[in-house]
Asks: 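Okay, here's the structure, questions in a sec.
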2 protein chains.
Amino acid sequence: MKMPMTRAADRAYDEIRSLILSGDAPPGSQLTEEHLAEICGVSRTPVRDALRRLEAELYVVRSDSQRVFVADWSLEEVEEIFALRGMLEAHAAGRAARRLTSAQIESLRGFNADLRDAVMRPAPDVAAFLEANRAFHNLIIDAAQSPRLAANLATLVEQPIVRRTARQYGRDQLERSMREHDELIQAFASRDNGWAGAVMTAHIRRAYHAFSEAAPRLKAAE
Amino acid sequence: MKMPMTRAADRAYDEIRSLILSGDAPPGSQLTEEHLAEICGVSRTPVRDALRRLEAELYVVRSDSQRVFVADWSLEEVEEIFALRGMLEAHAAGRAARRLTSAQIESLRGFNADLRDAVMRPAPDVAAFLEANRAFHNLIIDAAQSPRLAANLATLVEQPIVRRTARQYGRDQLERSMREHDELIQAFASRDNGWAGAVMTAHIRRAYHAFSEAAPRLKAAE
DNA sequence: TGTGACGCTATTGTGTACAAACCTGCCTCG
DNA sequence: CGAGGCAGGTTTGTACACAATAGCGTCACA
């Protein structure tokens with residue numbers, strides 16, 4: 001039995017990405033190839049590779065001349081991201097409604113059960129909620145069977161600031177997400193692509209408003 | 001006066017990209033780093049860089065293990081690309097309607113004049129048409145002032161197969177494009193973002209149908 | 001004291017060497 | 001005659017050395 005032996009470039013990608021998502025590398029901070037190479041225990045070459053990918057996904061930006069910084073998104077940009085996500089993910093939901101197998105729909109039910117577990121405990125487990133939510137949305141994107149759509153959405157789904165903000169959500173918001181997922185599953189089960197798309201549009205839009213209410217509280221807490 | 005001195009990686013990117021767009025590197029053919037390095041007159045390092053970018057934009061795909069091939073798109077994928085472009089570019093047009101300066105609207109008129117020149121000559125100049133069309137659409141995307149939207153559209157706008165198919169278009173199709181651009185300009189001038197978005201949706205959708213009629217003729221000609 | 005030039009340092013860009021992985025064709029053995 | 005495996009060549013992955021460039025502080029001079 002041999003370990004899958006990931007490439008150094010992939011390990012560097014995962015490592016740097018989680019530095020950004022966790023907030024250890026705060027927005028606006030500079031990332032130098034050498035420093036990252038040291039952290040990841042590899043040479044600069046695979047780090048360069050990883051940074052190119054992270055740049056394409058807009059996790060990092062390059063200054064006018066080639067220095068790399070962690071992306072720092074304004075609230076306006078987050079609004080735009082939600083608008084794009086709404087369009088693309090509604091499209092994905094419509095396609096998925098025509099393509100999901102019944103086994104996949106069963107999986108969606110499973111993810112939503114996990115989500116319920118995370119929400120219903122005395123103190124909601126936000127990390128578990130986010131994980132189940134991620135699995136739910138990714139399965140839909142996958143079922144849409146459009147590599148290009150998936151590539152575009154990949155740059156939109158994981159937003160550090162939204163992730164951090166989610167810890168501020170009240171139980172009511174989390175429960176609403178859960179109910180909206182239930183309705184999506186109904187739309188999928190009846191193969192109604194128009195319904196699925198509309199519910200997804202509303203779901204993302206509502207998520208945006210939850211975010212924009214919570215974000216100022218987060219700012220204030222800093 | 002010193003030349004801007006582009007980086008080798010950028011030159012390699014442009015070179016490889018035009019190999020793909022021109023058809024010199026046909027869909028499905030393998031691209032090896034060493035061969036490309038030779039063609040571009042640089043070492044493998046900047047070629048790797050360029051290939052990463054082209055991969056992110058889906059001009060090339062990587063096989064299960066890391067060999068690079070020119071992407072070969074099915075007609076279904078092209079349909080999906082037009083669907084995504086329609087959504088995103090309509091969104092861009094809506095944003096642009098609220099942001100275009102009058103100088104920019106004047107530029108759009110200029111591009112459409114170029115387009116008219118290209119169409120109205122005895123034998124329509126398709127290359128000039130495509131160039132003016134590209135400039136027109138890019139200005140709108142730029143005016144939308146959304147880097148993320150621009151990044152997503154960048155992977156959708158230049159499609160080798162569509163480019164080749166355009167040579168099959170009749171004068172009527174080219175004239176319709178021109179008239180639709182005129183209507184877009186009207187919508188922009190009146191700052192009506194709903195109108196602009198709707199016209200753009202129709203424009204892209206009509207372009208898809210022009211493509212899907214011409215594509216079989218292209219296939220037959222091979 | 002303000003400003004511009006200079007040089008130092010930090011950082012990225014490129015070339016090259018070598019290692020690892022992979023594909024291919026052939027050869028052996030059942 | 002087919003399957004498996006074992007070279008050998010091809011291609012990509014990684015490290016490292018050195019070159020080029022941008023940012024920054026300092027110092028001289030007006």
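Quantities reported herein were computed from a predicted structural model and do not represent experimental measurements. Keep in mind that the numbers below use all heavy atoms, side chains included, and drop hydrogens, waters and symmetry copies. In what follows, chains carry the letters A, B, and so on, assigned in the order in which the sequence lines appear, proteins first and then strands, with residues in each chain numbered from 1.
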Asks: Determine whether a donor-acceptor pair (N or O, by modelled atom type, separation under 3.5 Å) exists between the side chain of A:R191 and the backbone of A:R98.
Replies: no

Asks: Quick one: label B:L36 by what it contacts on the DNA or RNA (base, sugar-phosphate, nothing), any heavy atom closer than 4.0 Å.
Replies: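 Nothing: the residue B:L36, judged by heavy atoms under 4.0 Å, touches no strand.
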
Asks: Near B:R116 CZ, under 6.0 Å, is it more than 12 heavy atoms from other residues, nucleotides or ligands?
Replies: no

Asks: Measure the distance from CZ on B:R62 to P on C:dC23 and round it to the nearest whole Å.
Replies: 14 Å

Asks: Of the listed nucleotides (D:dT14, C:dG15, C:dG13), which one gets closest to any side-chain atom of B:R48?
Replies: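 Among D:dT14, C:dG15, C:dG13, the one nearest the side chain of B:R48 is D:dT14.
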
Asks: Take atom CZ of A:R44 and atom C1' of C:dA10, then tell me their distance rounded to the nearest Å.
Replies: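 It works out to 11 Å between those atoms.
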
Asks: Give the nucleotide from the list D:dA15, C:dG15, D:dG13 with an atom nearest to the side chain of B:S43.
Replies: C:dG15

Asks: Is there a donor and acceptor pair, one atom on the side chain of B:S65 and one on the base of C:dA21, closer than 3.5 Å?
Replies: no

Asks: Once you round it to whole Å, what is the distance between C1' of C:dT14 and CZ of B:R11?
Replies: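 About 11 Å, once rounded to whole Å.
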
Asks: What's the CZ-C1' distance between B:F69 and D:dT12, to the nearest Å?
Replies: 12 Å

Asks: Side chain of B:R7 only, heavy atoms from C-beta on: which candidate in C:dT14, D:dA15, C:dT12 is closest?
Replies: C:dT14

Asks: Figure out the CD/P separation between A:Q66 and C:dT14, and round it to whole Å.
Replies: 9 Å

Asks: Which nucleotide, C:dT12, C:dT14, D:dT14, lies nearest any side-chain atom of B:P46?
Replies: C:dT14

Asks: Without hydrogens or angle criteria, can the side chains of A:Y208 and A:E213 be said to hold a donor-acceptor pair below 3.5 Å?
Replies: no

Asks: To the nearest angstrom, how far is A:D10 atom CG from C:dA21 atom P?
Replies: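 Whole-Å distance recorded here is 13 Å.
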
Asks: Mapping B:T45 and B:Q30 to their closest nucleotides on DNA chain D, which lands nearer the 5' end?
Replies: B:Q30

Asks: Rounded to whole angstrom units, what separation is found between the NE2 atom of A:H35 and the P atom of C:dT11?
Replies: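 Checked: the NE2 to P distance equals 10 Å.
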
Asks: Heavy atoms under 4.0 Å, any strand shown: does B:L31 hit a base, just sugar-phosphate, or nothing?
Replies: sugar-phosphate

Asks: Between B:V68 and A:S63, which residue's closest nucleotide on DNA chain D lies nearer the 5′ terminus?
Replies: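 It is B:V68 whose nearest nucleotide is closer to the 5' end.
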
Asks: Base, sugar-phosphate alone, or nothing: which one does A:D49 contact when heavy atoms must sit under 4.0 Å apart?
Replies: nothing

Asks: Starting from the C-alpha separation in whole Å, work towards a yes-or-no answer on salt bridge (charged side-chain N to carboxylate O under 4.0 Å, His left out) for B:R48 and B:E33.
Replies: CA-CA 7 Å; B:R48 280 179 72 80; B:E33 294 178 355; 3.1 Å; yes

Asks: Using the test side-chain contact (heavy atoms from CB on, under 4.5 Å), find all partners of A:P26 that sit at least two apart in sequence or belong to another chain.
Replies: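 Listed in chain order: A:S29.
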
Asks: Over all strands shown, is B:T32 touching base, sugar-phosphate only, or nothing at heavy-atom distances under 4.0 angstrom?
Replies: sugar-phosphate

Asks: Picking from D:dG13, C:dT14, D:dA22, which would you name as closest to the side chain of A:R67?
Replies: D:dA22

Asks: What is the distance, rounded to the nearest whole Å, between atom CG of B:D64 and atom C1' of D:dT12?
Replies: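 Going from CG in B:D64 over to C1' in D:dT12 covers 13 Å.
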
